[in-house]
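Ligands are counted one by one from 1 in listed order, and the atoms in each one are counted from 1 as well.
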Amino acid sequence: VSVEDRDSWAIISRFQEYLRINTAHPNPAYREAADFIASQAKSLSLDSQILEFVDGKPLVLLKWAGKNPALPSILLNSHTDVVPAEQHKWDQPPFQANLDPSSGHIYARGSQDMKCVGLQYLEAIRKLQASGFRPLRTIYLSFVPDEEIGGHDGAGKFADSDTFKNMNVGIVLDEGLASPTESYRVFYGERCPWWLVIKATGAPGHGAKLYDNTAMENLLKSIESIRRFRALQFDLVKAGLKAEGEVISVNMVFLKAGTPSPTGFVMNLQPSEAEAGFDIRVPPTADSASLERRIAEEWAPATRNMTFEFKQRGCVYDKFGMSSITAIDSSNPWWALLEEAISNVNGKLEKPEIFPASTDARYFRVRGLPAIGFSPMANTPILLHDHNEFLNKNEYLQGIDIYESIIKAYASYIETTKDEASRAEL
Ligand SMILES: CSCC[C@H](NC=O)C(=O)O
Ligand SMILES: [Zn+2]
Ligand SMILES: [Zn+2]
């Protein structure tokens with residue numbers, strides 16, 4: 001067995017070990033994950049601390065000190081939690097991280113989203129250390145809880161903390177998405193989640209009677225109008241006029257109405273209340289005021305006995321009412337450095353996109369920091385939150401080389417960027 005084979009085997013084993021820690025909501029094994037990361041950090045002689053902004057939700061912060069600590073630092077962020085898995089619908093157990101010997105696929109919840117990235121950062125650092133590299137800029141790694149449930153107690157509290165302020169971060173890397181093509185996807189902004197519940201009320205009555213203004217009719221009129229809106233947005237994507245992250249998506253995620261009976265629902269009673277929930281995602285460039293008007297006037301009008309409520313408007317808006325995006329022109333040297341570092345190891349990039357869902361990157365962007373969403377998975381079907389989530393072993397190993405190149409370029413960058421200079425003046 002060659003040295004490379006032995007190294008790869010050890011690298012894959014560490015990935016599997018992390019994947020086997022069941023950090024699925026609603027009871028993520030955060031402590032176990034934090035201990036695992038801390039032990040990895042120890043083997044790399046990185047400074048390590050566990051921050052617990054909220055009890056039972058540890059955040060692991062690692063530091064590889066740079067030769068010039070005065071320069072703004074690099075933050076490599078990843079979340080330790082994963083979404084739940086419906087065990088019985090998977091071909092492989094979701095927390096066993098089995099490696100299929102014929103395909104090389106590693107099956108596990110979190111293999112794409114995003115335990116891969118967290119450990120790839122560490123493996124890249126292991127390789128850089130072995131090559132004798134020493135960073136000029138300080139590199140931090142944060143392993144944060146709760147991303148999948150909004151990130152308020154994780155990246156949110158972290159980005160607000162004095163610890164974070166003292167880190168003097170200049171650039172953040174966070175998660176992206178797998179790409180089925182041979183080119184990686186990369187993200188400079190993301191849509192805002194608006195989780196909307198609309199409620200209709202109306203007069204109850206006999207199931208045989210036709211009359212106006214029932215709760216069901218009132219709700220259905222809204223659903224029809226929302227569906228028309230959804231179809232128009234989706235058509236723009238289907239016609240290739242807009243990318244996924246550039247339209248407003250609206251998906252109905254629950255429907256609740258009816259009068260329960262021991263055998264199901266009462267069939268001859270028109271209920272007096274009905275409600276529906278929608279996961280809406282709003283691009284940074286969308287006219288959010290006009291969407292708000294549409295909700296109040298067309299989707300849940302008081303004139304039709306309707307009310308509405310936001311369960312989450314997770315977007316963080318800056319003082320101009322905008323959700324921030326990261327520049328991808330010459331004003332942001334980190335962008336060019338990333339492109340170059342990836343191409344140096346023969347990686348290719350798709351055109352940068354707006355992330356269709358949400359990530360912790362928004363907590364950093366709103367502080368005026370550049371944040372890039374990137375998970376090095378090419379030739380991979382997008383399976384995050386899906387059954388049989390997997391990542392191929394070779395793709396994982398390739399991703400480590402990509403990060404090695406990126407971290408080296410970032411940590412060696414000498415110039416003070418324009419951004420950094422203006423932040424220093426504040
Ligand atoms: C309200 S924040 C929710 C965050 C979650 N992130 C990944 O899937 C998402 O649904 O996009
Ligand atoms: Zn994620
Ligand atoms: Zn996720």
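Between Phe164 and Phe364, the ring-plane angle classifies as tilted under the 30° and 60° cut-offs. Under the 30°/60° scheme for interplanar angles, the aromatic rings of Phe36 and Tyr18 are found to lie parallel.
For Phe278 and Trp194, the distance between ring centers is not under 6.0 angstrom.
Within Asp113, the N, O or S atom at minimum distance from the Zn ion (ligand 3) carries the name OD2. Looking at Glu175, its N, O or S atom nearest to the Zn ion (ligand 2) turns out to be OE1.
Cation-pi geometry between Lys238 and Phe234 is met: the NZ or CZ atom falls under 6.0 Å from the ring centre, inside 45° of the normal.
Donor-acceptor pairing under 3.5 Å is lacking for the side chains of Lys63 and Ser48.
A side-chain hydrogen bond (donor to acceptor under 3.5 Å, both in side chains) with Asp146 is found for one member of Lys57, His79, His152 and no other, namely Lys57.
Some N or O of Glu147 is nearer than 3.5 Å to an N or O of ligand 1, by distance alone. Looking at Gln312 next to ligand 1, no N or O pair under 3.5 Å apart turns up.
Contact atoms of ligand 1 toward Gly150: 2 (S) (distance under 4.0 Å to a heavy atom of the residue). Near Glu148, with a cut-off below 4.0 Å to any heavy atom, the atoms of ligand 1 are 6 (N), 7 (C), 8 (O).
With respect to the salt-bridge test (charged N to carboxylate O, under 4.0 angstrom), the residues Asp162 and Lys165 qualify.
Here Glu190 has no heavy atoms under 4.0 Å from ligand 1, in either its backbone or its side chain. Residue contacts with ligand 1 for Ser358 involve both N, CA, C or O and side-chain atoms from C-beta outward (heavy atoms, distance under 4.0 Å).
In summary, no N, O or S atom of Glu148 is located under 2.8 Å from the Zn ion (ligand 2). In summary, an N, O or S atom of His385 is located under 2.8 Å from the Zn ion (ligand 3).
Gln112 places a side-chain N or O within 3.5 Å of a backbone atom of Leu383 that can act as its donor or acceptor partner.
For Arg362, the heavy-atom gap to ligand 1 drops under 4.0 angstrom.
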